[in-house]
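Working notes for the structure below.
FYI, side chains are in, hydrogens and waters are out, and symmetry mates aren't considered; it's all heavy atoms of this structure.
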Amino acid sequence: MFENVPEFIPYTILILAVAGIGLWMYKDELRFQFKSKTTEGTIVNWMASTQGGKKYFYPVIEFQPKGGQKQRFRVDDRCEGAPLYEQGTAVKVKYDPLNFTKITVQYPSKKA
């Protein structure tokens, strides 16, 4: 029954299936990358937390979406030991215009 099927067909089907599953799994991230807006933000504070005997610092970012009110969030990015940046450091914030709690932050490069 399958003797006359070209050899590349099953591989093509497999590749398309894997690509489809990958797109479905990362659809929210892909949507964020295409629909997000970028604005300037500022590190306004650092929150400290101790986990497993180590002290971690989480930045609190403030930004204002276009046409919206100022937003302030503690992001999941963290550093160990001491804050990497001073309060008032400018950052770039990518945010979802439909859900301001979904953000990613681009920090300035740290000069050694």
Side-chain angles (χ1 to χ4, degrees):
M1 178 175 170
F2 295 108
E3 298 84 26
N4 295 334
V5 175
E7 186 176 324
F8 70 90
I9 296 291
Y11 296 113
T12 303
I13 292 171
L14 178 64
I15 289 169
L16 290 173
V18 169
I21 291 169
L23 287 172
W24 180 77
M25 288 176 60
Y26 292 102
K27 67 184 179 301
D28 294 333
E29 184 61 32
L30 290 170
R31 184 197 156 288
F32 178 78
Q33 292 302 323
F34 286 113
K35 302 284 184 179
S36 63
K37 305 289 183 198
T38 303
T39 189
E40 293 293 319
T42 306
I43 298 174
V44 293
N45 203 354
W46 287 88
M47 295 180 76
S49 173
T50 303
Q51 299 168 354
K54 293 182 180 180
K55 193 166 191 173
Y56 294 102
F57 291 88
Y58 297 85
V60 177
I61 306 293
E62 183 175 85
F63 70 99
Q64 184 165 359
K66 186 175 182 178
Q69 297 178 349
K70 282 189 177 179
Q71 305 289 318
R72 188 179 283 198
F73 295 104
R74 188 213 82 175
V75 293
D76 291 333
D77 304 332
R78 68 181 186 183
C79 56
E80 185 180 333
L84 288 177
Y85 301 98
E86 294 185 21
Q87 289 181 10
T89 300
V91 295
K92 291 204 181 291
V93 177
K94 283 181 82 170
Y95 66 93
D96 184 340
L98 301 175
N99 179 7
F100 297 145
T101 62
K102 172 76 172 152
I103 67 171
T104 60
V105 179
Q106 181 182 357
Y107 301 94
S109 53
K110 193 74 171 163
K111 295 179 181 158

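- Applying the under-4.5 Å side-chain rule to Ile, Leu, Val, Met, Phe, Trp and Tyr, the cluster around V105 extends to I43, W46, F57, I61, F63, F73, V75, L84, Y85, V91, V93, Y95, F100, I103, Y107.
- P97 and S36 make their closest contact through CD-CA, 4.2 Å (heavy atoms, listed as atom of the first residue, atom of the second, distance).
- Within the 3.5 Å criterion, the main-chain N or O of Q33 finds no donor-acceptor partner in the side chain of E29.
- Between the NZ atom in K102 and the NZ atom in K94 there is a gap of 10.5 Å [rounded to 0.5 Å].
- Summarising the geometry of T39 relative to Q64, their closest heavy-atom pair is OG1-O, 3.6 Å, with the distance given to 0.1 Å.
- Within 6.0 Å of CD in Q106 there are 12 or fewer heavy atoms belonging to other residues, nucleotides or ligands.
- Counted within 6.0 Å of CD on E80, heavy atoms from surrounding residues, nucleotides or ligands total more than 12; the atom is thus considered enclosed.
- Closest approach of A90 to P108, counting heavy atoms only: O-CD, 3.6 Å.
- A 4.5 Å side-chain heavy-atom check between Q71 and P65 finds at least one atom pair inside the cut-off.
- Atom NZ of K27 is surrounded by more than 12 heavy atoms from other residues, nucleotides or ligands within 6.0 Å.
- A salt bridge is defined here as a Lys NZ or Arg NE, NH1 or NH2 lying under 4.0 Å from an Asp or Glu carboxylate O, and R74 with D76 meets this definition.
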(request) Could you walk me through whether R31 and D96 pass the side chain to side chain contact (heavy atoms under 4.5 Å, CB included) test, one step at a time? (result) CA-CA 9 Å; R31 184 197 156 288; D96 184 340; 3.0 Å; yes
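- Follow the hydrophobic side-chain contacts under 4.5 Å out from I21 and you reach Y26 in the same cluster.
- Nearest heavy atom pair, residue T101 against residue N99, reads OG1-OD1, 2.6 Å.
- Annotation for E40: atom CD counts as buried by contact number, over 12 foreign heavy atoms lying within 6.0 Å.
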